[in-house]
2 protein chains.
Amino acid sequence: MAAHVDLEKIAKMASVSRSTVSRVVNDQADVSPEVRQRVKKIIQETGFQPNLAARSLRNKQTDIIGLVICNTMVGLFTDPYFAQLNLSISQTCYKYNKTLALYLEGEPDTIFPRLTRRGLMDGILLQAGKMKDSLLKKMLKTDIPFVYLGRPTESGVSYVDIDNVTGAHLATSHLISMKHKRIAAICGDLDTTTGADRHEGYTLALREEGIPYQEELVGEGDFSEISGYQAMLQLLNSKPNAVFAANDMMARGAIRAIQEAGLSIPHDVAVVGFDDLPPAVSASPLLTTVRQPINQMGASAVEMLFDVIQHGSQPVRHTVLDVELIIRESSG
Amino acid sequence: MAAHVDLEKIAKMASVSRSTVSRVVNDQADVSPEVRQRVKKIIQETGFQPNLAARSLRNKQTDIIGLVICNTMVGLFTDPYFAQLNLSISQTCYKYNKTLALYLEGEPDTIFPRLTRRGLMDGILLQAGKMKDSLLKKMLKTDIPFVYLGRPTESGVSYVDIDNVTGAHLATSHLISMKHKRIAAICGDLDTTTGADRHEGYTLALREEGIPYQEELVGEGDFSEISGYQAMLQLLNSKPNAVFAANDMMARGAIRAIQEAGLSIPHDVAVVGFDDLPPAVSASPLLTTVRQPINQMGASAVEMLFDVIQHGSQPVRHTVLDVELIIRESSG
DNA sequence: TTGAAAGCGCTAACAC
DNA sequence: GTGTTAGCGCTTTCAA
């Protein structure tokens, strides 16, 4: 932030006032064409760009939004899901000429004061973590605009989520329709709404078809590949002939366990995942999975946040995005 | 950024001046114990935190640093390598109470003006991309503090890198020492210094042992799993009995291709990767690979940047981190 | 040890 | 259509 040209200097060079330069910079009306022309030329030549700290102070708006993924989820940050979400959020910020601040570290308690500082961020995207996280409740008590990524456990929260229950239902129904009898599930962390909702969808589909829910056919992982592998190892003892994994990474782990056991997919055990992430899907056998619109989720969340920033947090906004079953090889 | 308590308000409540409150907030000397006590109590009660835009304007320092990974690399952002690097950078910022701004999108040309705005960032971490990227050259012409992540193709650049040549050399030598004759390589994008350096290490190791370099044993991927798979498919025609892949993702793809061809690892074909990323390594067979200290790389880069910000870009700083060969199952 | 006052660079209300 | 001026909230001389 070295010494540099400022409005004043441009004004002198163009023999006009600071205000006029400001008007030109911000594309406001009421500047004569000749003057605008002259000032623009000088701005061009000098490469002048208004100082953002000064503008933020004056405008009470920084054009920075934060993305917060706190500790309880950080271990999973290496999941390609987050990379993709992050990318879409970043792209949307770029498109609207906003800056994205990233908060990956920190316990909900210690990170909170950093999120509530004045003069840094206009608003925040809060990635859902464990249901018991206190951060959401705390944020609700502030007047800071924020949007939740996932289904919140509190009311009065604006959020964007995907239809996890329907997705899991689709996946399970698909397996049922393939005449499989013993349909296992590898759940994600059930202390997250995502994990719980996908489990719910599985349960619902079974119930609709009058298939009893059997404990020994249900394992719990934490969305990681290795946890899917381990859960499947366990489930193999119960001889399932199909398995719904709550995300693609765990499905991939399950496939590995099934293949190592000398069983074939989908002949001996059919597999369906959830996410439709290219790296997980493209291995062989190609994964049948539930596609969720990650990019749209990121974009919607950012745009919803801009709306909250501009128009206030009332009324509360919800967007739940549709999912789609993509049938490939692993389900037969 | 709603109306809120400011220094002035605290000052009134404590019956002191703004200056005194500022001194207390910034832990400066020359405030009497009683006054300090009194002011602190009120700050505590009100939850006052100084406005960062105002502070930035005054101090000419924002305590924000940027991480820039531009378009040419963005497709690879889903590589767990970047997730891990990102995480370590984020953690280090957190530790030093700085904010991290993330720039994932944008052509080098269009992103440049956004990086050079005054009053936004104190400095920048620039992830290496394609060698021909013009961003590095442009940054060099500015007075903005920055540190390059990877080996730069220009001189006068402060950077942090890992010893890619030695790593690839270690991997290849290891395969040679196992008495393999036909040692293939799956290179990463050779238009990146990382890809080129790892190729260089492979070449060097062969030469040292008097093994001729054979074109038909060398494939090129782009660091993605699928590209490793495809490159291996091709290479299998040349009947290699070992292969060095320039990263773990490609190694994983190669393993898949080898196994699908009905060959066993390491018996028929030995495989060595590069990165030592848990998700890639933990599948079976466990991957022999070159471990690079990603977390240390992130931390070093951030700390180097702080140093550049504080003390100027001269002298130029370099840190090249050591790598280590981790022998597991896939190399026999 | 404390307070008064200037000013960081910008925008916008108001006056001309 | 253009300029003057008053701050935004903070830190920091400088004076008391």
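Residue numbers start from 1 in every chain, and the chains themselves are labelled A, B, ... in the order their sequence lines are given, proteins ahead of strands.
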B/Arg58 has its side chain closest, among C/dG7, C/dG9, D/dG3, to C/dG7
Closest of C/dT11, D/dG3, D/dG1 to the A/Asn59 side chain is C/dT11
Here the distance between atom C1' of C/dA5 and atom CZ of B/Arg18, to the nearest Å, is 8 Å
query: C/dG3 base to B/Arg23 side chain: any donor-acceptor pair below 3.5 Å?
result: yes
**Message:** With a 4.0 Å cutoff (strictly under), does any side-chain N or O of B/Ser32 reach OP1 or OP2 of C/dT2?
**Reply:** yes
> Under 4.5 Å between any side-chain heavy atoms of B/Cys93 and B/Thr99, yes or no?
Replying inline: no
Side-chain contact check for B/Thr20: nearest option of D/dC10, C/dG9, C/dT2 is C/dT2
With no angle test and no hydrogens, is the base of C/dA4 tied to the side chain of B/Ser19 by a donor-acceptor pair under 3.5 Å?
yes
Which of C/dA4, D/dG3, C/dG9 is nearest the side chain of A/Ser17? It is D/dG3
In short, the helix from C/dT1-D/dA16 to C/dC16-D/dG1 is bent end to end, axes from five pairs each side, to 10°, by 40°
The nucleotide from C/dA4, C/dG9, D/dC8 with an atom nearest the side chain of A/Lys60 is D/dC8
inquiry  = Under 6.0 Å from the ring centre and within 45 degrees of the ring axis: does the NZ or CZ of B/Arg114 meet both conditions for the six-membered ring of A/Tyr94?
reply    = yes
Please tabulate, for side-chain N and O atoms in residues 295-308 of chain A, each donor-acceptor pair with protein atoms closer than 3.5 Å (sequence neighbours left out).
residue: A/Asn295; atom: OD1; partner: A/Gln84; partner atom: NE2; Å: 3.0
residue: A/Ser300; atom: OG; partner: A/Gln296; partner atom: O; Å: 2.8
residue: A/Glu303; atom: OE2; partner: A/Tyr96; partner atom: OH; Å: 2.8
residue: A/Asp307; atom: OD1; partner: A/His311; partner atom: ND1; Å: 2.6
residue: A/Asp307; atom: OD2; partner: A/Arg317; partner atom: NE; Å: 2.7
residue: A/Asp307; atom: OD2; partner: A/Arg317; partner atom: NH2; Å: 3.2

- Task: Verify whether one side chain among A/Asp63 and A/Gln61 offers a donor that lies under 3.5 Å from an acceptor in the other.
- Result: yes
**Request:** Examine C/dA12: is either OP1 or OP2 under 4.0 Å from a nitrogen or oxygen in the side chain of A/Gln28? Give yes or no.
**Result:** yes
